[in-house]
*Asks:* 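Have a look at the structure that comes next, please.
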Amino acid sequence: MSSQDQQQASPFTLAVCAEMVFRDLPIVERIHRIHDLGFQVEIWDWTRHDIDALARTGATFSSMTGYIRGTLADAAGAEELLHTARESIPVAKALGIPRLNLHGTGLDNKGLPVQPAHHVSGAMWLQARDTLNQLAELGEREGVTFVLENLNTAVDHPGVPFARAEDCLALVAAVNRPGLKLMLDLYHAQIGEGNLIELLGKALPHIGEIQVADVPGRCEPGTGEINYPAIAQALQALGYRGSIGLEAFASGDDELALRRFRDAFTLPA
C-alpha cells in the first residue's frame, strides 16, 4: 500500500511539526518534504519565518503559535498576549491556518517560561479565564480558533502555570466558547498525568487538536512506552475525526519517523 493510500485509510487528519523533523534543511524545504509526503504542516513562532515563502509552498497548514509574548494570569501580561494574538491573526489567514496555539505563559528559546509561576492563586485562575474568554471572542470574530496546549513541568517546561492537561481542560471548559479549544498534547500528558485514554474521553468535547510524541525521548510513535495504536482505536471509538499532529523528533531517519506516525494512526479497513 502506498503512503498516499495509507493516509486515505486514516480516519484522522495527520499533520507534522516542521520545527522538529528534517532539521538539516531550511524551513521551506522541510515544509515541501512534509507536504510531498501527504501531511499537513505545523509551525511555531511565525516571526522567525518568511511568511510569503511559506505560503508559496502550497502546503496546507494545521496550526501555529498564536501569540508572540504575554501570559494568561496577570493583567499586564494578558494585555501583551492579546495584543500579539491580534498581530498573529493576519499571518494565520495568509497561510490558511485554522488553529492558533497558546500556553500558560510565553516560552523562551529553551522552552522555559518567561514568567515562571510555581504557585497559581485563585486570582490567577480568574485572570486566566478572563483572558481566554477575550481570546475566544477574538477568534470567533476573526474566524480562527485559539487552542490552549498542556505542557509538562517535570522534563521540558518547569515553572509553566496551568501546564497540566486537567488544568487546561478546566479553563477551556469554563470559557466554553467555540473560539477556544484544547490542544491536547499526549506526550506532555503522559509525563504529567498518564491515564491517557480516560483523559481523551473527558476532554473529547473540548479538543481542537491532538499532538503526539512518545515517552521518553519525544520521538515518533513506537519508540517509547505509549501504545499509540490503542490510542488511535480509542479515538475512533470515541468518534474523534479531527487533526493529530506529530510534534516529535525523528529517532533516526525522518521519513521513517513520519511513516511510523502514519502507521500508528492508520486503522484496519
*Asks:* So how far is it from Asn101 CG to Leu148 CG, rounded to the nearest 0.5 Å?
*Replies:*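 So the CG of Asn101 and the CG of Leu148 are separated by 8.0 Å.
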
*Asks:* Are Leu182 and Val147 co-members of a hydrophobic cluster defined by side-chain heavy atoms under 4.5 Å apart?
*Replies:*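 Different clusters.
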
*Asks:* Write down the atom of Thr223, the atom of Ser251, and the distance for their closest heavy-atom approach.
*Replies:*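 Looking at all heavy atoms of both residues, the closest pair is CG2-OG, 3.7 Å.
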
*Asks:* In the structure I gave you, are the side-chain heavy atoms of Leu267 and Gln233 within less than 4.5 Å of one another anywhere?
*Replies:*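 They are in contact (side-chain heavy atoms under 4.5 Å apart), so the answer is yes.
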
*Asks:* If hydrophobic clusters are built by linking Ile, Leu, Val, Met, Phe, Trp and Tyr wherever their side-chain heavy atoms come under 4.5 Å apart, do Met183 and Tyr240 end up in the same one?
*Replies:*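 No, it is not one cluster - the side chains of Met183 and Tyr240 are not joined through contacts under 4.5 Å.
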
*Asks:* Do Val215 and Val155 come within less than 4.5 Å of each other through their side chains, counting heavy atoms only?
*Replies:*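 They are not in side-chain contact.
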
*Asks:* Where do Ala189 and Leu199 come nearest, in terms of heavy atoms and distance?
*Replies:*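 Result for this residue pair: CB-CD2, 3.7 Å.
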
*Asks:* Does the Thr131 side chain pair with the main chain of Leu72, one donor and one acceptor, at a distance under 3.5 Å?
*Replies:*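 Checking the backbone N and O of Leu72 against the side chain of Thr131, a donor-acceptor pair under 3.5 Å is found.
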
*Asks:* Locate the shortest heavy-atom distance separating Gly104 from Thr71; write the atom from each residue and the value.
*Replies:*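 Minimum heavy-atom contact is O-OG1, 3.1 Å.
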
*Asks:* With a 4.5 Å limit on heavy-atom distance, are the side chains of Phe12 and Ile210 in contact?
*Replies:*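 No, every pair of side-chain atoms sits at 4.5 Å or beyond.
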
*Asks:* Between Trp46 and Ser88, do the side chains contain an N or O donor and an N or O acceptor separated by less than 3.5 Å?
*Replies:*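 Indeed, the side chains of Trp46 and Ser88 share at least one donor-acceptor pair under 3.5 Å.
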
*Asks:* Do the side chain of Glu220 and the main chain of Arg260 share a donor and acceptor less than 3.5 angstrom apart?
*Replies:*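 Side chain of Glu220 to backbone of Arg260: no pair is present.
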
*Asks:* Testing the basics here: between Ala213 and Tyr228, what is the closest heavy-atom pair and its distance to 0.1 Å?
*Replies:*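 For Ala213 versus Tyr228, the nearest heavy atoms are O-OH, 2.7 Å.
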
*Asks:* Mark yes or no for whether Arg241, through its side chain, and Pro11, through its backbone, hold a donor-acceptor pair below 3.5 Å.
*Replies:*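 Not at all, since once roles are kept as given, no pair shorter than 3.5 Å links the two residues.
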
*Asks:* Could you grab the distance from atom CZ of Arg259 to atom CG of Asp263, nearest 0.5 Å is fine?
*Replies:*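 Output value for this atom pair is 7.5 Å.
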
*Asks:* State, with a plain yes or no, whether a side-chain heavy atom of Leu196 is found less than 4.5 Å away from one of Ile231.
*Replies:*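 They are in contact (side-chain heavy atoms under 4.5 Å apart), so the answer is yes.
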
*Asks:* Salt bridge or not for Glu149 and Lys181, using N-O below 4.0 Å?
*Replies:*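 So Glu149 does not pair with Lys181 through a salt bridge.
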
*Asks:* Side chain to side chain contact (heavy atoms under 4.5 Å, CB included) for Thr145 and Leu100? Distances and angles first, verdict last.
*Replies:* CA-CA 6 Å; Thr145 302; Leu100 281 70; over 6 Å; no

*Asks:* Any sub-3.5 Å donor-acceptor pair from His157's side-chain atoms to Leu112's backbone N or O?
*Replies:*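 Side chain of His157 to backbone of Leu112: no pair is present.
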
*Asks:* Do the non-hydrogen side-chain atoms of Leu235 and Ile244 ever get within less than 4.5 Å of each other?
*Replies:*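 In short, these two side chains touch, coming nearer than 4.5 Å.
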
*Asks:* Are the side chains of Arg262 and Ser10 in contact, using a 4.5 Å heavy-atom criterion?
*Replies:*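 No - every pair of side-chain heavy atoms lies 4.5 Å or more apart.
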
*Asks:* Any pair with a residue in residues 192-216 that passes side chain to side chain donor-acceptor pair (under 3.5 Å), sequence neighbours left out, goes on the list, sorted by first then second residue, please.
*Replies:*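 Output for this query lists Glu42-Gln211, Ser62-Glu209, Arg99-Glu209, Glu166-Lys202, Asn195-Glu198.
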
*Asks:* Backbone N or O of Leu25 within a donor-acceptor pair of the Arg30 side chain at under 3.5 Å?
*Replies:*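 Side chain of Arg30 to backbone of Leu25, a donor-acceptor pair under 3.5 Å: yes, one is there.
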
*Asks:* Calculate, to the nearest 0.5 Å, the distance between atoms CD1 and CD belonging to Ile226 and Gln190 respectively.
*Replies:*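 Spacing of CD1 (Ile226) from CD (Gln190) equals 4.5 Å.
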
*Asks:* Do the side-chain N and O atoms of Glu137 and Asn133 include a donor-acceptor pair separated by under 3.5 angstrom?
*Replies:*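 No donor-acceptor contact under 3.5 Å links the two side chains.
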
*Asks:* Counting C-beta onward and ignoring hydrogens, is there a side-chain heavy-atom pair between Leu200 and Leu184 closer than 4.5 Å?
*Replies:*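 Yes - at least one pair of side-chain heavy atoms lies under 4.5 Å apart.
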
*Asks:* Can you give me the closest heavy-atom contact between Phe162 and Cys168, atom names plus distance?
*Replies:*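 Looking at all heavy atoms of both residues, the shortest contact is O-SG, 3.1 Å.
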
*Asks:* Between Asn152 and Ile191, is there a donor-acceptor pair closer than 3.5 Å when you use the side chain of the first and the backbone of the second?
*Replies:*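 Not confirmed, Asn152 side chain does not pair with Ile191 backbone.
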
*Asks:* Tell me whether Val28 is reachable from Val21 by hopping between hydrophobic residues (I, L, V, M, F, W, Y) whose side-chain heavy atoms are closer than 4.5 Å.
*Replies:*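 Result: yes, single cluster for both.
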
*Asks:* Rounded to the nearest 0.5 Å, how far does CZ of Arg86 lie from CG of Leu135?
*Replies:*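 So the gap between those two atoms works out to 8.5 Å.
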
*Asks:* Verify whether one side chain among Ser243 and Thr13 offers a donor that lies under 3.5 Å from an acceptor in the other.
*Replies:*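 Distance-only check fails for Ser243 and Thr13.
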
*Asks:* Answer with yes or no whether the side chains of Glu247 and His188 bring together a donor and an acceptor at under 3.5 Å.
*Replies:*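 Not at all, the side chains of His188 and Glu247 share no donor-acceptor pair under 3.5 Å.
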
*Asks:* Determine, stepwise, if the pair Phe146 / Leu138 fulfils side chain to side chain contact (heavy atoms under 4.5 Å, CB included).
*Replies:* CA-CA 9 Å; Phe146 286 95; Leu138 174 64; 4.0 Å; yes

*Asks:* Evaluate the side-chain proximity of Arg218 to Met20: yes if any heavy-atom separation is below 4.5 Å, no if none is.
*Replies:*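 Touching, per the 4.5 Å side-chain cut-off.
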
*Asks:* How many angstroms lie between CD1 in Ile31 and NE2 in His49, if you round to the nearest 0.5 Å?
*Replies:*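 NE2 of His49 is found 7.0 Å from CD1 of Ile31.
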
*Asks:* Hydrophobic cluster membership, with links at side-chain heavy-atom distances under 4.5 Å among I/L/V/M/F/W/Y: are Phe39 and Met64 in one?
*Replies:*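 Same cluster: Phe39 reaches Met64 through Ile, Leu, Val, Met, Phe, Trp or Tyr contacts under 4.5 Å.
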
*Asks:* Under 4.0 Å between a Lys/Arg side-chain N and an Asp/Glu carboxylate O for Arg33 and Glu255?
*Replies:*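 Between Glu255 and Arg33 there is a salt bridge, with a charged N closer than 4.0 Å to a carboxylate O.
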
*Asks:* Identify the two heavy atoms, one from Phe22 and one from Leu258, that lie closest to each other, and give their separation to 0.1 Å.
*Replies:*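 Residues Phe22 and Leu258, closest heavy atoms: CE1-CD2, 4.2 Å.
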
*Asks:* Applying side chain to side chain contact (heavy atoms under 4.5 Å, CB included) to Val175 and Arg129, what does each step give before you reach the verdict?
*Replies:* CA-CA 7 Å; Val175 173; Arg129 184 190 63 182; 4.1 Å; yes

*Asks:* Nearest 0.5 Å, what's the CG-CG distance between Leu246 and Leu14?
*Replies:*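 So the gap between those two atoms works out to 9.5 Å.
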
*Asks:* Within the 3.5 Å criterion, strictly below it, is a donor on Tyr67 or His103 matched to an acceptor on the partner's side chain?
*Replies:*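 Yes.
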
*Asks:* Same hydrophobic cluster for Val120 and Leu102, using side-chain heavy-atom links shorter than 4.5 Å among ILVMFWY?
*Replies:*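 Per the 4.5 Å side-chain linkage, Val120 and Leu102 are co-clustered.
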
*Asks:* Are a donor atom and an acceptor atom from the side chains of Thr84 and Glu80 found within less than 3.5 Å of each other?
*Replies:*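 Distance-only check fails for Thr84 and Glu80.
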
